[in-house]
Amino acid sequence: MVVVSDTTVLIALGRIGLLWLLERLWGSVIIPEAVYQEVLKGLHGSREITEAVNLGWLQIKSVNNQKMVRLLQGDLRGRGECECIVLAEETGAKAILTDDKKARKVALSAGVEVAGTLGLLVRATKEGILTKQEAIDAVESLIRQTSAFRKLLSRKQLS
């Protein structure tokens, strides 16, 4: 299955040392050029992401339909999210990996499956890649390290 990832999932998993989950779940993952440029700005996890690119399982692809990217930029926060959605269409990707709420809505309306960091941890647990305790530890680490996950989980009241 072809999947395209946004920066949010890459950074979250890289930050807690679980970027390798993407390779275990899908074998290879595509990222658009704009996402890689965001990573190169030195965000947390950028070293792990660059290493994955060098190993070849994280593949950088350019988007052909720049007009559609520009159209989406009116609705979405960043170029990376826009390129993910367009690249998913161009490559026939089954899913987009993102934690961005607006990007998720747009992707779903385009008929593309969406998964976020928490969903990936659940999937990895169901597939026996992580134990339940490892997944809980990963979520706790995300909560400690990122304000976005603290806000998300306080709103959803996950147990």
Side-chain angles (χ1 to χ4, degrees), residues 1-124 127 129 138-139 142 145-153 155-156:
M1 173 190 340
V2 176
V3 295
V4 177
S5 184
D6 182 25
T7 311
T8 56
V9 172
L10 297 175
I11 296 298
L13 292 175
R15 177 175 220 151
I16 60 171
L18 294 178
L19 186 66
W20 57 269
L21 277 178
L22 297 177
E23 182 183 22
R24 288 284 302 276
L25 289 167
W26 288 288
S28 67
V29 175
I30 298 170
I31 60 171
E33 187 66 40
V35 166
Y36 193 58
Q37 292 307 314
E38 289 176 19
V39 167
L40 292 179
K41 292 179 182 175
L43 301 170
H44 287 286
S46 61
R47 183 179 48 80
E48 293 86 351
I49 295 164
T50 300
E51 183 179 318
V53 168
N54 291 336
L55 290 171
W57 67 262
L58 192 58
Q59 302 168 4
I60 305 164
K61 298 238 187 234
S62 296
V63 173
N64 294 321
N65 191 345
Q66 292 298 320
K67 183 178 181 181
M68 182 57 76
V69 171
R70 286 189 298 278
L71 286 171
L72 285 173
Q73 281 186 291
D75 293 330
L76 299 176
R77 195 169 43 161
R79 186 168 181 89
E81 289 91 357
C82 299
E83 285 195 10
C84 277
I85 292 167
V86 175
L87 193 58
E89 183 180 315
E90 291 178 355
T91 61
K94 176 96 171 135
I96 292 176
L97 310 178
T98 184
D99 291 322
D100 184 273
K101 187 177 179 177
K102 284 185 178 180
R104 292 169 72 97
K105 261 187 186 175
V106 172
L108 288 170
S109 71
V112 180
E113 270 183 53
V114 177
T117 304
L118 296 177
L120 296 177
L121 294 173
V122 169
R123 181 176 176 163
E127 293 188 17
I129 298 169
V139 171
L142 284 168
Q145 294 184 40
T146 61
S147 61
F149 279 94
R150 278 192 296 275
K151 290 175 190 172
L152 173 70
L153 293 176
R155 276 185 284 178
K156 292 199 176 202

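The basis for the numbers below is simple: all heavy atoms, side chains too, and nothing from hydrogens, waters or symmetry mates. Not measured: the values here are computed from a predicted model.
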* With sequence neighbours left out, write down each residue that passes side chain to side chain donor-acceptor pair (under 3.5 Å) with K61, or none if nothing qualifies. => none
* Structure fact -> One should read off an interatomic distance between L72 CG and K102 NZ, to the nearest 0.5 angstrom, of 12.5 Å
* To do: Mind listing the closest non-hydrogen atom pair of S5 and I31 along with its distance?
  => O-CG2, 3.6 Å
* Asked: What's the shortest heavy-atom distance between D6 and G80, and which atoms?
  -> OD1-C, 4.0 Å
* Asked: Just wondering, are more than 12 heavy atoms of other shown residues or ligands nearer than 6.0 Å to CD in Q59?
  -> yes
* Asked: Which value, rounded to the nearest 0.5 Å, describes the distance between E83 atom CD and T7 atom OG1?
  -> 10.0 Å
* To do: Let me see the working for T50 and Y36 under side chain to side chain contact (heavy atoms under 4.5 Å, CB included), right down to the final yes or no.
  => CA-CA 9 Å; T50 300; Y36 193 58; 3.7 Å; yes
* Structure fact -> Nearest heavy-atom approach of V114 to R104 is CG1-CG, 3.4 Å
* **Qualifying residues under side chain to side chain contact (heavy atoms under 4.5 Å, CB included), relative to T91, sequence neighbours excluded** => V2, V4, I30, L87, A93
* Structure fact -> Rounded to the nearest 0.5 Å, the CD1 atom of I16 sits from the CG atom of L142 at a distance of 4.0 Å
* To do: Under the side chain to side chain contact (heavy atoms under 4.5 Å, CB included) rule, what do V69 and R79 come out as? Steps first, then yes or no, please.
  => CA-CA 7 Å; V69 171; R79 186 168 181 89; 3.5 Å; yes
* Work out which heavy atom in L120 is nearest to a heavy atom in A115; give both atom names and the distance. => CD2-CB, 4.1 Å
* **4.5 Å side-chain heavy-atom contact, V112 and I85** => no
* **Minimum heavy-atom distance G27-W57, with the two atoms named** => O-CB, 3.5 Å
* **Interatomic spacing from OG in S46 to CD1 in I11 - rounded to 0.5 Å** => 6.5 Å
* Asked: Atom CG of N65 and atom CD of E89: how far apart are they, to the nearest 0.5 Å?
  -> 7.5 Å
* **E81: which of D100, V86, V35 passes side-chain contact (heavy atoms from CB on, under 4.5 Å)** => D100
* Is the backbone of V106 close enough, under 3.5 Å, to the side chain of S109 for a donor and an acceptor to pair up by distance? -> yes
* To do: Take L58 and L10 through the side chain to side chain contact (heavy atoms under 4.5 Å, CB included) test and state the conclusion after the steps.
  => CA-CA 10 Å; L58 192 58; L10 297 175; 4.3 Å; yes
* To the nearest 0.5 Å, what is the distance between CD1 (I129) and CG (L21)? -> 6.5 Å
* To do: Inspect the surroundings of CD in E23 and state if more than 12 heavy atoms from other residues, nucleotides or ligands are less than 6.0 Å away.
  => yes
* **Atom of T8, atom of D99 and distance for their closest heavy-atom approach** => OG1-N, 2.9 Å
